[in-house]
Amino acid sequence: MTQEKNWRKCIGIVVALVLTGMLTGCGENGEKTANAVALMKDLNYQGALTELDAAMEAGENQRLVERYRGIAYMGLTEYGQAAEAFLNSLAGSNGFVQDLDFDTNYYLAAAYTKNGQYSEAEATYNAILALKPEETDAYFLRGNVRMNLNRYTEAKEDFDRVISMEPKNYDRLIEIYEILAHFGYKEAGQEYLQNALASGGKQMDNFCIGRIYYYLGEYQKACLALEEAREKGGAESYLYLGRSYEATGDYNYASSVYNSYLAKYEGNAEVYNQLGLCEMAKGEYQKALEAFQAGMQMENNENLQSLSFNEIVAYEYLGEYEQAYVLINHYLKNYPDDEQAKREYDFLSTR
């Protein structure tokens with residue numbers, strides 16, 4: 001089974017944003033620490049840890065070294081050790097709370113969440129909000145954690161607060177819907193969407209309207225609105241338009257939407273991924289493989305994991321099991337906590 005990016009772990013969205021800021025903001029880094037940051041950009045987390053050990057021995061900024069060590073451990077999916085490193089970074093504070101401390105606390109909460117320590121993650125968000133009560137990200141992420149703790153009422157209070165603080169943030173609204181739907185509260189999530197449609201007025205453009213109709217399951221209305229939004233360009237407009245046509249069963253037109261974007265604009269990894277998924281649904285496995293591989297060539301690729309996995313599945317459907325087996329071994333070295341990939345490995349091991 002291929003991988004889509006429909007419901008993203010919302011903790012991952014915010015952590016990715018914070019990580020981007022940290023890996024580019026290296027003004028205080030010493031030479032060894034900067035080397036570690038460069039290695040992490042290339043996903044070489046083990047090499048980064050070696051450089052960070054050297055940075056510690058060289059007397060470079062201990063708090064930054066521990067924070068980057070935590071990030072490296074997260075990249076290796078060793079979340080318990082990541083949390084320990086972030087706690088060490090926080091322990092080096094001089095008692096005055098700085099932006100560094102808030103960012104590190106977000107990381108700490110992310111590590112706890114990834115490690116299944118939801119109560120500890122909630123306590124960390126509580127601490128952030130005690131000092132910064134207007135942090136919408138913290139309310140949003142605490143709501144996600146509370147859903148994992150099966151405390152829907154309190155989670156919904158957090159989501160209500162986020163929406164009241166950012167009533168026109170439709171991206172965040174959709175993320176809240178996706179969380180609720182994931183945990184079995186789809187109707188509650190759709191109520192948020194319907195309220196947004198009713199109150200949006202002229203400030204809500206066709207792209208927002210189309211996306212909301214898509215998540216409400218009203219795909220014909222979504223197609224109509226998104227056809228209008230497509231004229232404004234932008235990969236997201238084409239992606240939602242194509243997905244809406246896929247949901248109606250019209251894979252041929254959906255693939256033409258993705259191809260029209262790729263012919264008109266620069267390559268886009270997510271569009272290539274969705275095109276590949278569409279071609280897979282049509283049984284065009286060679287075309288799907290070519291789309292996934294084209295997407296993997298894109299720089300600054302946030303879709304590389306999905307594309308890499310989908311490439312393996314395409315090879316399977318083409319009957320090229322030996323190549324798929326080689327690739328799944330390499331994939332699991334980079335993404336060792338992917339349970340779906342582990343099952344795929346077990347299957348390929350028997351071929």
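Keep in mind that the numbers below use all heavy atoms, side chains included, and drop hydrogens, waters and symmetry copies.
- A side-chain hydrogen bond (donor to acceptor under 3.5 Å, both in side chains) check over residues 185-194, counting only residues at least two apart or in different chains, returns the pairs D160-Y192.
- Every side-chain contact (heavy atoms from CB on, under 4.5 Å) that N334 has, sequence neighbours left out, goes to H330.
- The two atoms that bring T77 and P336 nearest to each other are OG1-CG, 3.7 Å, heavy atoms only.
- Under the ring pair (Phe, Tyr, Trp, His ring centres under 6.0 Å) criterion, Y219 pairs with Y214, sequence neighbours left out.
- Judged purely by atom type and a 3.5 angstrom limit, T124 uses its side chain to pair as donor or acceptor with the backbone of E120.
- Exactly one residue among Y261, Y272, Y258 makes a ring pair (Phe, Tyr, Trp, His ring centres under 6.0 Å) with Y238. That residue is Y261.
- Residues that satisfy the ring pair (Phe, Tyr, Trp, His ring centres under 6.0 Å) test with F102, not counting sequence neighbours, are absent from this structure.
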Evaluate F140 against I179 for side chain to side chain contact (heavy atoms under 4.5 Å, CB included), listing each step before the verdict.
CA-CA 10 Å; F140 170 64; I179 293 173; 3.7 Å; yes
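- At a cut-off of 3.5 Å, with distance as the only test, no side-chain donor of Y139 or E157 sits close to an acceptor on the other residue.
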Go through the steps to decide whether T33 and N61 satisfy the test side chain to side chain contact (heavy atoms under 4.5 Å, CB included), and finish with yes or no.
CA-CA 9 Å; T33 307; N61 188 315; over 6 Å; no
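- Looking at residues two or more places apart in sequence or on another chain, you find a side-chain contact (heavy atoms from CB on, under 4.5 Å) between Y253 and E227, R230, Y245, D250, S256, V257.
- Residue pairs meeting the salt bridge (charged side-chain N to carboxylate O under 4.0 Å, His left out) criterion with at least one member in residues 45-63, sequence neighbours excluded, are D53-R69, R63-D101.
- In this structure, R211 pairs ionically with D171, as a charged nitrogen and a carboxylate oxygen lie closer than 4.0 Å.
- For E218, the salt bridge (Lys or Arg N to Asp or Glu O under 4.0 Å) test picks out K221, with sequence neighbours left out.
- Closest heavy-atom contact between L108 and A83: CD1-O, 3.7 Å.
- Counting only residues at least two apart or in different chains, salt bridge (charged side-chain N to carboxylate O under 4.0 Å, His left out) contacts with residues 307-318 are absent.
- No side-chain N or O of E78 forms a donor-acceptor pair with one of Y45 less than 3.5 Å apart.
- No close placement of the Y321 and Y315 rings is indicated, their centers lying 6.0 Å or farther apart.
- For residues 341-351, the salt bridge (charged side-chain N to carboxylate O under 4.0 Å, His left out) pairs, not counting sequence neighbours, are E339-K342.
- At a threshold of 4.5 Å between side-chain heavy atoms, the hydrophobic network of Ile, Leu, Val, Met, Phe, Trp and Tyr places L239 and Y265 in one connected group.
- For R151, the salt bridge (Lys or Arg N to Asp or Glu O under 4.0 Å) partners at least two apart in sequence or on another chain are E122, E154.
- E84 meets the side chain to side chain donor-acceptor pair (under 3.5 Å) test with no other residue; sequence neighbours excluded.
- Of the possible polar contacts, one joining the D205 side chain to the F207 backbone as a donor-acceptor pair under 3.5 Å is found.
- Sorted by first and then second residue, the pairs that involve residues 276-289 and meet salt bridge (charged side-chain N to carboxylate O under 4.0 Å, His left out), not counting sequence neighbours, are E279-K282.
- Counting only heavy atoms from C-beta outward, the side chains of L180 and Y177 never approach each other to under 4.5 Å.
- Residues A82 and A111 approach most closely at CB-CB, 4.2 Å, considering heavy atoms.
- Applying the 6.0 Å contact sphere to CD of Q323 captures more than 12 heavy atoms from other residues, nucleotides or ligands.
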